[in-house]
Amino acid sequence: MTSVYEEKNISKAIMRVGLPAMLGQLTTLIYNIADTFFVSLTKESATIAAVTLCAPILLIIMSIACVFGMGGSSVIARLLGEEKKEEAGTTMNFCVYAMAFAGVITLVLGLVFLQPLAKLSGADADNFAYTCDYLKWIFIGAPFIMLANGFVHLFRSVGLIKEGTIGLVLGNVINMVLDYVFIAILGWRTAGAALATSLGFICATVYYIVCMIREDHRGNQLVSLAPKRFSPNATMIRSVVSIGIPGALITVLMSVSNIVLNNYISIYGSDAVASYGIAYKLNMIPILLSVGLSQGVAPLVGYCYGGNEKKRMADIVKYTVLYGIFMGAIFTAVFVFFGKPLAAIFLQDSVLIEQTGCFLKILCLSAPMLGVINMMTSYFQALGKAMKSLTITVLRNAVLFIPGVMVLNYLWKLDGVIAAQPVVETLLTIICLFMYIKDINSGNHKSTAVQYERK
């Protein structure tokens, strides 16, 4: 089979890299919904609220992996486009060891500051204990959460797309099975949900390491865990981190904005937090599918950029945006017409079902715009233009979103807080299109080779 990087049919190339990434994101979403579903069986809104409040902390842990996962992926894809396989393999080796070290540091700091972090996330007297239970097991599994999430990006960049997806699916399936065992059978509530999550990521990490060992034995110079290959230098670290930190800040700022949002929603009580938590999880379906499509395509864009294939790169971006808009429009229609029946899967109280359905109708209005926003974010990351990618994120989660929540809360209370997302993303879509048009018209589309120092 032709390498995906050499595939001439644009739509086929997008599907080959995009569909596995979307499948991986979909299984991640399913396990998130499974967490919420099994926790909701306790019929305590405080436990659902606790899982919702912990979500931003889990995202921050994952974002640390992005420093080396997404940063490394961008650098590796461009190096392969420039036919520098040795440097690409050395970069991957460095990223794996860096993620493992960062995970251990996060584990220690997370357990030391567990209770302050629970309070910071918005926990109150009703759900504080449940929030702490969840966070404890998440921090214990932090090294594996980081490795598993970073491996997905690194594997895609070296062409191991199938293996990257299998590991993600494997971890999520194990997570869902353990959710049932720990919550429905053993009654461990939020602690059970978090333990299932950590064990799922442990299994995924083991799978990825086995794949790397196998590929190394087959002579694949891009994939090696050998300590002797660990030879980072200032240029390598700077190349990875300069892309990775802005990429990580994307998730961190998203988590910060969610924490702000959760604190505003918590003003209206645990029932409001629970309703938003269900609506948010359902709305994550189009969000994560869009993220998966754009992230899956990113290495392909980076490869074209490294090889100076301008026309092919532009076509890939155009078709990916159109597919994303179409997919988002379908989900908007589904959620508008079937919001309440979907909410009823997780809730029994008729008032909460009505409220959740209303929240979902508001949130889903921005789904078609995700095709533009997420692709533009991945586009600038793939090209190594991290500051432009970061600009989109800062606008989305800080400059526009936080003031938007405050103003809309003042004007329309709870409904205004929920409406902040579609309002902000409408404005951001216009900004993203302007940034992209300006970039492609600048004529500055020649990849700068990543020159590593040779010893």
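Since the model is a prediction, treat every value here as computed from it, not as a measurement.
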Between [atom1] on residue [X] and [atom2] on residue [Y], distance to nearest 0.5 Å:
X: Met376; Y: Lys388; atom1: CE; atom2: NZ; answer: 12.0 Å
X: Glu87; Y: Leu80; atom1: CD; atom2: CG; answer: 10.0 Å
X: Thr190; Y: Asn127; atom1: OG1; atom2: CG; answer: 9.5 Å
X: Thr332; Y: Leu360; atom1: OG1; atom2: CG; answer: 9.5 Å
X: Met15; Y: Thr320; atom1: CE; atom2: OG1; answer: 7.0 Å
X: Ile431; Y: Thr426; atom1: CD1; atom2: OG1; answer: 11.0 Å

### Task
Would you please test Leu293 and Asn374 for side-chain contact (heavy atoms from CB on, under 4.5 Å) and show each step?
CA-CA 9 Å; Leu293 178 61; Asn374 289 327; over 6 Å; no
### Message
Working note: Ile285 + Phe331, criterion side-chain contact (heavy atoms from CB on, under 4.5 Å); need CA distance, chi angles, decisive distance, verdict.
### Response
CA-CA 8 Å; Ile285 298 174; Phe331 278 102; 3.3 Å; yes
Closest heavy-atom pair and its distance - [X], [Y]:
X: Ala420; Y: Gly404; answer: CB-C, 4.3 Å
X: Tyr305; Y: Leu383; answer: CE2-O, 3.2 Å
X: Met99; Y: Phe151; answer: CE-N, 4.1 Å
X: Val152; Y: Leu168; answer: CG2-CD1, 4.1 Å
X: Gln421; Y: Leu363; answer: NE2-O, 3.5 Å
X: Ala419; Y: Ile362; answer: CA-CG2, 3.6 Å

[X] side chain near [Y] side chain, heavy-atom distance below 4.5 Å:
X: Leu154; Y: Val223; result: no
X: Arg214; Y: Glu163; result: yes
X: Tyr379; Y: Val321; result: no
X: Ile430; Y: Met369; result: no
X: Met375; Y: Val301; result: yes
X: Met284; Y: Ile287; result: yes

When you look at [atom1] of [X], are more than 12 heavy atoms from neighbouring residues, nucleotides or ligands closer to it than 6.0 Å?
X: Phe128; atom1: CZ; result: yes
X: Phe182; atom1: CZ; result: yes
X: Phe230; atom1: CZ; result: yes
X: Tyr97; atom1: OH; result: yes

Are the side chain of [X] and the backbone of [Y] linked by a donor-acceptor contact shorter than 3.5 Å?
X: Ser389; Y: Lys385; value: no
X: Asp216; Y: Met212; value: no
X: Ser366; Y: Glu425; value: no
X: Ser74; Y: Met70; value: no
X: Thr91; Y: Ile76; value: no
X: Asn93; Y: Ala226; value: yes

### Salt-bridge contact Asp133-Arg189 (side-chain N to carboxylate O under 4.0 Å)
no
### Query
For Val372, which of Leu322, Thr377, Ile325 qualifies under side-chain contact (heavy atoms from CB on, under 4.5 Å)?
Ile325
### Query
For the side-chain contact (heavy atoms from CB on, under 4.5 Å) test, which of Leu433, Val423, Ile373, Thr393 pairs with Leu428?
Ile373
